[in-house]
Amino acid sequence: MKIGITCYPTYGGSGVIATELGKKLAEMGHEVHFISYALPYRLNRFQKNLYFHEVEVLHYPLFAYPPYSLALTSKIVEVAEFAKLDILHAHYAIPHATSACLARDILGNSKLKIVTTLHGTDITLVGKHPSFKRTVQYSINKSDGVTAVSNYLAKETCAIFNINQEIRVIYNFLHGDLENQSVQSRKFKDRKESDPFILCHISNFRSLKRVRDLIPIVERLKDKFPVKMYMVGDGPERSVVEHLCHERKLCDHFVFLGKQDSVVDILNQSDLFILPSEHESFGLSALEAMACGVPCVTSDAGGLTEVNIHGKTGLIASIGNIDQFVEHISTLLSDPQLRQKFSENARKSALKNFSSKKIVPQYVSFYEEVIGK
Ligand code: GMT
């Protein structure tokens, strides 16, 4: 197949999934054309069957807001015509699905089919805002096929919008060294008394991740356990949390590592992964932790409960319930056998349910179905 993919090229789960999907499809022999305003950061080397088309946005004094969606539409039209695309796969509805549908209309009776993958806040936060709602609904309904990254997100989409077609659930998948690395069996029992427990949090530090909850959580844990919290990523809440660390004299217990290209080495040193989000359609970072055999303590936000299974791969607390987070983390830190068991379950579940071998063919079959419609 000839497949166009449009996505956000920067850090963020939807861009990661779109890029890793494109790479896998190219490996399978499909011709893949990425269309975005910058090279997706994981497309950093030549690969057969992979092409990148940059969307240039014209700046003009009249444009207080340069119309990226229109420039993207024109680029999709151009690539679809020249490369004779069968499918244009839009990752994240805003504005990608809208631009894709408009491009198909401009192309008239071309064979181009639009597949839209909903990732989360394009529905639950930004998408349902009155500024976008009707346009997002229109673009979902006008797509030739729609997927969502969890059952939760598929249901939520139907609850928020008036949807006239099936939304296929295709989970996010493991990629790169997360799948290949041989995780050394974690010997939780053998740690020295003086070693701190490493807790790890990875996110884009936006307010919906509730990163501030980690302050009282660590404050209360530190009296019972030697703990260090590795904070990976960056975003608007980072400096707020750093300030709070100074104010509450917690700097010895927090390490801010910033954005990292590969998280495997950090996760391999971590005892637990903590994700207190208030919105999460899937939680790719929890899956990454599980792939490295790190048990998770997460909130019960959205699709997170389909990834981190309470009592099997980790424990789940309700959103914002600091007591429950502290209790769950304490339970796991004081029970090496339980951590060991959850670690093994986490790695097994990640590989069994979310491997690229299992998930990528689901996209291929879906494309074939949509083309055959
Ligand atoms: O959070 C966002 O708006 C960004 C988006 C992204 O591009 O990473 O995240 C969403 O998509 C990820 C990949 O499918 C999911 O793993 C995240 O759970 C989801 N974020 C939210 O639902 C908050």
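Numbering of ligands and ligand atoms starts at 1, following listing order.
- Only side-chain heavy atoms of Leu208 come within less than 4.0 Å of ligand 1; its backbone N, CA, C and O stay farther off.
- Close N/O approach between Ser14 and ligand 1 is found [any backbone or side-chain N/O within under 3.5 Å].
- Residues Gly22 and Val32 approach most closely at O-CG2, 3.6 Å, considering heavy atoms.
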Could you go through the ring pair (Phe, Tyr, Trp, His ring centres under 6.0 Å) check for His91 and His119 one step at a time?
CA-CA 7 Å; His91 285 265; His119 279 273; 5.3 Å; yes
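- The aromatic rings of Phe173 and Tyr363 lie perpendicular to each other, with more than 60° between the two planes, well past the 30° mark.
- Below 30°, between 30° and 60°, or above 60°: for His310 and His328 the angle between ring planes is between 30° and 60°, a tilted geometry.
- Short contacts between ligand 1 and Val149, defined as distances under 4.0 Å to a heavy atom of the residue, involve ligand atoms 14 (O).
- Interface of His279 with ligand 1, defined as ligand atoms under 4.0 Å from a residue heavy atom, comprises 23 (C).
- In this structure, of Arg206, Glu278, Lys209, the residue bringing a heavy atom nearest to atom 2 (C) of ligand 1 is Arg206.
- For ligand 1, the atoms closer than 4.0 angstrom to any heavy atom of Gly120 are 22 (O).
- The distance criterion of under 3.5 Å between nitrogen or oxygen atoms is met by Gly13 with respect to ligand 1.
- Close contacts between ligand 1 and Ser281 involve ligand atoms 15 (C), 17 (C), 18 (O), 19 (C), 21 (C), 22 (O) [criterion: under 4.0 Å to a heavy atom].
- The aromatic rings of Tyr68 and Tyr37 lie perpendicular to each other, with more than 60° between the two planes, well past the 30° mark.
- Each of the following atoms of ligand 1 lies closer than 4.0 Å to a heavy atom of Leu284: 16 (O).
- Within the 4.0 Å heavy-atom criterion, neither part of Tyr8 lies near ligand 1.
- Under a 4.0 Å heavy-atom criterion, Asn172 is in contact with ligand 1.
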Listed pairs under 3.5 Å, donor-acceptor, residues 239-247 side chains, sequence neighbours left out:
residue, atom, partner, partner atom, Å
Glu242, OE2, Arg238, NE, 2.8
Glu242, OE2, Arg238, NH2, 3.3
His243, ND1, Ser239, O, 2.9

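- Partners of Ser318 according to the side-chain contact (heavy atoms from CB on, under 4.5 Å) rule, which considers only residues two or more places apart in sequence or in another chain, are Asp300, Asn321, Gln324.
- Lys224 and Ser330 share a donor-acceptor pair across their side chains, judged by distance under 3.5 Å alone.
- Among the atoms of Gly283, some N or O lies under 3.5 angstrom from an N or O of ligand 1.
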